[in-house]
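What follows is a set of notes on a single structure, which appears directly below.
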Amino acid sequence: MSQLDPTDHDVADEQTLKRIVDRNPSRLGVGRSGARPRTETLLTFLEDHGRARDAVLTTVDEQLIDDLGLVKIRSLVEDKDQYLARPDLGSDISEETATELRDRCEQNPQAQIIVSDGLSSTAVEANVPDLLRSLQDGLEERGLEVGTPVFVEFGRVDVMDAIGEELGAECCVNLIGERPGLRSAKSLSAYMVYDPKRGAPTAKKSVISNIHEGGIPPIEAGAEIADLLSEIVEKQASGLDLREDDREFQK
Amino acid sequence: MSTVDAMGSGEYKFDSIRTLLAKANERKTGDELAEIAADSAAERVAAKRAVSQLTLETLRENPVVPYDDDEVTRVIQDAVREPVYERIKDWTVADLREFLVDENTTNREIQAIRPGFTSEMIAAVTKIMSNMDLILATSKMTVTARCNNTVGTDGSLSFRLQPNDPADNVDNILDSTREGLSYGVGDAVIGINPVEDSVGTTRSILDATHDFIEEWGIPTQNCCLAHVTTQMDAIREGAPADLIFQSLAGTEAGNDEFGIDVELLDEAYDLGQRQCTASGPNIMYFETGQGAELSGDAHEGVDQLTLEARCYGLAKRYDPFLVNTVVGFIGPEYLYDGQQVIRAGIEDVFMGQLHGISMGIDACYTNHIHADQNDIENLAVLLSAAGANYFITVPMGDDVMLNYQSTSYHDAGALWEIFDLGPAPEFREWLAEMDIWRDGTLTDRAGDPTIFT
């Protein structure tokens, strides 16, 4: 967001106002026009919301999916509206899709990589190219057999349970666009699960979130995810089970 | 029990009160996700007609979750004042609607029958009321509550100042507090959602806001919205909290998901009565929201509106200073768009006030729901007309910690101006002393956070 020049309007203490505005992530020191925000403040807000909405409602570029060599499938969801209203449908795949997956992908991999548009196509486009390369390299270095990477249109986090189950994967990672905030629409999360099966509870999932240039940069995130996945395979656990295992280890 | 209703050429059968209540709701994606919504518009109306013909006695005798299975049901049923209930038990839900909108029914007549209600009765009448019915009935009710100041008095509209920070940075929280106060908001509470749910963070936020309130002599109250057990630990260690907060659900299973039960809430209330820094007597703050139970798979086959009403039935046990629904936060799988959010917001404030609790609203939305700032500004105008006790405000509507949008510090001044309202009486006097508010309006000094440095 752009900041207004604090000297733009009458304030008791301009130095202090500048300090407040500079260090605070909230939209402070914006002044007012009567009881309403100034026009420029309002337009900046609308611009940021517009960007967030576009990230939710647009789809990932087909060319990018091809270039990255991802096998493209779809969840049970038919369109964006249904995606938003029915998380259950975004978490599963049809019998036909399962058959297609088994035909086109390597079966019984140690690590299955999945990319989902989730709630931000912008996040996928901005981070996945660098992240995927770094993650694949990292997993190979650690000696893990990586399956054929898959892209799921209208995918939710738990779609990795269905895909992993169908492909017989030992563990899965789902790289998925996060719900955009006004400050950034580019944030991606990586959810991981050991022994994926439909209905696996949230508590069994590990997550690394806030992946974007301003948070964990994608190349770095790829290495972190590779580390965590190899730990998951080694300890045969993910989510809270992995943490509890850590606690025991510390005792 | 079986309820049948015929409409036109079609006939609809509802096999239980629970099913009937669900199908009589205005359309909500959450009820569809739970697979309990009406299958067609015609069935929805047939259900509304059948609900309108139920007696209050039938609703009392058929709680949506059985008495023996659920402590929220027990709290609601056991709180009914029997002689008052005896007077109204033969009313149909239609009778209740027509009583509420009658021009001869005032706050006093509503107060007279209020102790006879269960939450299911209140939910049922809501389902057969239009938006304007709800706003009209809400506008008749005055529910005041007192902590360090008084909310809900005639002519006042209060605001929570919500100065959240993504790093729990206390300096940033105080700067945002300065900005909000300079717009005249903060009389409902200066309430912070911490990122880290720890005793240490809670203490530092309570200490800082308490000291700031003391330094500037502000007639308001502070609150740190950590889990209730975290706040209780902080208070036992001596942290200065004016209010104790917790999120509520409308079933025992839902509250279990939140890590609470009635025994724990009773304990928090007792602790607050002895240890809260405020003068009181009302020292509890609750948040709710349609869909919370379903998201925790604890809805027991009950629709989200009825469950929301039951949250208020539970809240009432603790004479809260503030209760607000966080209406657009939960996501489009529960409330799909601006229309559903606005409807739910109007329903919730009506149901809360009819329970007799001091009811406000966080009119808000996330970026994956089909709603925008215009929708929540509409809702704020509608609920100011209805006489909600308070709204949430954040800097320019953007909460950079919770990553959602709510009403803005700016909206307070606009709503006061449109409806000729002002802040809570004690707070209004303080704003006048600070030269932020004069002759019923903000002064030139308003909007400048540096007046508090």
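Quick note on labels: first sequence line is chain A, next is B, and so on, each numbered from 1.
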Of all the heavy-atom pairs spanning [X] and [Y], show the shortest one and how long it is.
X: A:Arg36; Y: B:Ala414; value: NH1-CB, 3.6 Å
X: A:Pro87; Y: B:Glu333; value: CD-CB, 3.5 Å
X: A:Leu17; Y: B:Thr450; value: N-CG2, 3.5 Å
X: B:Asp448; Y: A:Ala12; value: OD2-N, 2.7 Å
X: A:Arg53; Y: B:His368; value: NH1-C, 3.7 Å

Other residues, nucleotides, ligands: >12 heavy atoms within 6.0 Å of [X] [atom1]:
X: A:Glu47; atom1: CD; value: yes
X: B:Asp297; atom1: CG; value: no
X: A:Lys205; atom1: NZ; value: yes
X: B:Glu215; atom1: CD; value: yes
X: B:Gln339; atom1: CD; value: no
X: B:Lys28; atom1: NZ; value: yes

When heavy-atom pairs shorter than 4.5 Å are enumerated against chain A, which of [options] gives the highest number?
options: B:Asp372, B:Asn164, B:Thr366; result: B:Thr366
options: B:Val400, B:Asn403, B:Asn367; result: B:Asn367
options: B:Val394, B:Asp444, B:Leu33, B:Thr29; result: B:Leu33
options: B:Ile451, B:Leu442, B:Ile369; result: B:Ile369
options: B:Thr441, B:Leu402, B:Asp411; result: B:Asp411
options: B:Pro449, B:Gly413, B:Pro395, B:Ala412; result: B:Pro395

**OP:** Output the option from A:Ser120, A:Pro37, A:Gly181 having the highest count of non-hydrogen pairs under 4.5 Å with chain B.
**Re:** A:Pro37
Between [X] and [Y], is any pair of side-chain heavy atoms under 4.5 Å apart?
X: A:Val30; Y: B:Glu179; answer: yes
X: B:Met396; Y: A:Thr44; answer: no
X: B:Asp165; Y: A:Pro25; answer: yes

Is [X] close to chain A through its backbone or its side chain, or both, or neither, when contacts mean heavy atoms under 4.5 Å?
X: B:Ser176; answer: both
X: B:Asn169; answer: neither
X: B:Ala167; answer: neither
X: B:Tyr334; answer: neither
X: B:Leu415; answer: neither
X: B:Phe452; answer: neither
X: B:Gln405; answer: side chain
X: B:Asp399; answer: neither

Mind checking the [atom1]-[atom2] spacing from [X] to [Y]? Nearest 0.5 Å is all I need.
X: A:Arg27; Y: B:Tyr409; atom1: CZ; atom2: OH; answer: 13.0 Å
X: B:Thr453; Y: A:Gln15; atom1: OG1; atom2: CD; answer: 11.5 Å
X: B:His370; Y: A:Leu84; atom1: NE2; atom2: CG; answer: 5.0 Å

Subject >> Verdict with reasoning, A:Leu46 to B:Gln373, per side-chain contact (heavy atoms from CB on, under 4.5 Å) >> reply: CA-CA 9 Å; A:Leu46 293 176; B:Gln373 203 72 18; 5.5 Å; no
Need one label for [X]: side chain, backbone, both or neither, based on atoms under 4.5 Å from any heavy atom in chain B.
X: A:Leu57; value: side chain
X: A:Arg23; value: both
X: A:Leu119; value: side chain

**OP:** Indicate yes or no for a side-chain donor-acceptor contact from A:Asn24 to the backbone of B:Asn172 under 3.5 Å, with no hydrogens or angles considered.
**Re:** yes
Original post:
Would a distance-only check, ignoring hydrogens and angles, find a side-chain to backbone donor-acceptor pair under 3.5 Å from A:Arg32 to B:Ala446?
Top reply: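 Confirmed, A:Arg32 side chain pairs with B:Ala446 backbone.
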